[in-house]
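What follows is a single structure, written as structure tokens, with notes after it.
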Amino acid sequence: MNKEAEEKLRIAARVFNQTGEAIIVTDPSGIIQTVNSAFTEVTGFSFSEAVGKGANILKSG
């Protein structure tokens with residue numbers, strides 16, 4: 001990977017980790033791959049509670 005691509009990845013990672021908005025990344029099947037710290041604060045789910053589960057854990061009721 002070239003230096004420019006590496007720098008873009010670092011910036012994207014910083015935005016993902018530092019934004020105040022909850023972010024959830026799923027695979028095409030809806031299985032959670034990663035979440036940011038704002039997600040854990042907003043939802044109450046820890047990283048380990050969310051990753052590997054279906055995004056439907058967020059449905060209320």
Side-chain angles (χ1 to χ4, degrees):
M1 184 177 303
N2 67 35
K3 288 186 182 254
E4 183 179 337
E6 289 176 4
E7 181 61 19
K8 286 181 181 181
L9 281 175
R10 276 193 289 280
I11 292 169
R14 202 170 325 134
V15 169
F16 178 83
N17 290 318
Q18 294 180 356
T19 186
E21 299 295 322
I23 300 175
I24 178 175
V25 178
T26 66
D27 69 10
S29 300
I31 304 300
I32 299 171
Q33 302 299 300
T34 192
V35 298
N36 67 351
S37 59
F39 171 90
T40 63
E41 291 173 22
V42 169
T43 66
F45 288 103
S46 69
F47 179 87
S48 60
E49 288 173 322
V51 172
K53 304 288 189 316
N56 61 352
I57 66 170
L58 299 174
K59 292 184 180 176
S60 62

| message | For Thr43, run the side chain to side chain contact (heavy atoms under 4.5 Å, CB included) check against Leu58, Val35, Ile24 and tell me which one passes. | response | Leu58
| task | Can you establish whether the number of heavy atoms outside Glu6 located under 6.0 Å from its atom CD is more than 12? | result | yes
| With a 4.5 Å limit on heavy-atom distance, are the side chains of Thr26 and Ile32 in contact? | yes
| field | ILVMFWY clustering at 4.5 Å (side-chain atoms), partners of Val25 | value | Phe16, Ile23
| note | Closest heavy-atom pair, Gly20 versus Ala38, reported as atoms and distance to 0.1 Å, is O-CB, 3.6 Å
| request: Grab the two heavy atoms, one from Phe39 and one from Ala22, that are nearest each other, plus how far apart they are. | output: CA-CB, 3.5 Å
| request: Count the heavy atoms belonging to other residues, nucleotides or ligands that lie under 6.0 Å from CD of Glu7, then report whether that count exceeds 12. | output: yes
| field | Under 3.5 Å: donor-acceptor pair, side chain of Asp27, backbone of Gln33 | value | no
| Among Asn56, Val51, Ile57, whose side chain to side chain contact (heavy atoms under 4.5 Å, CB included) with Lys53 holds? | Ile57
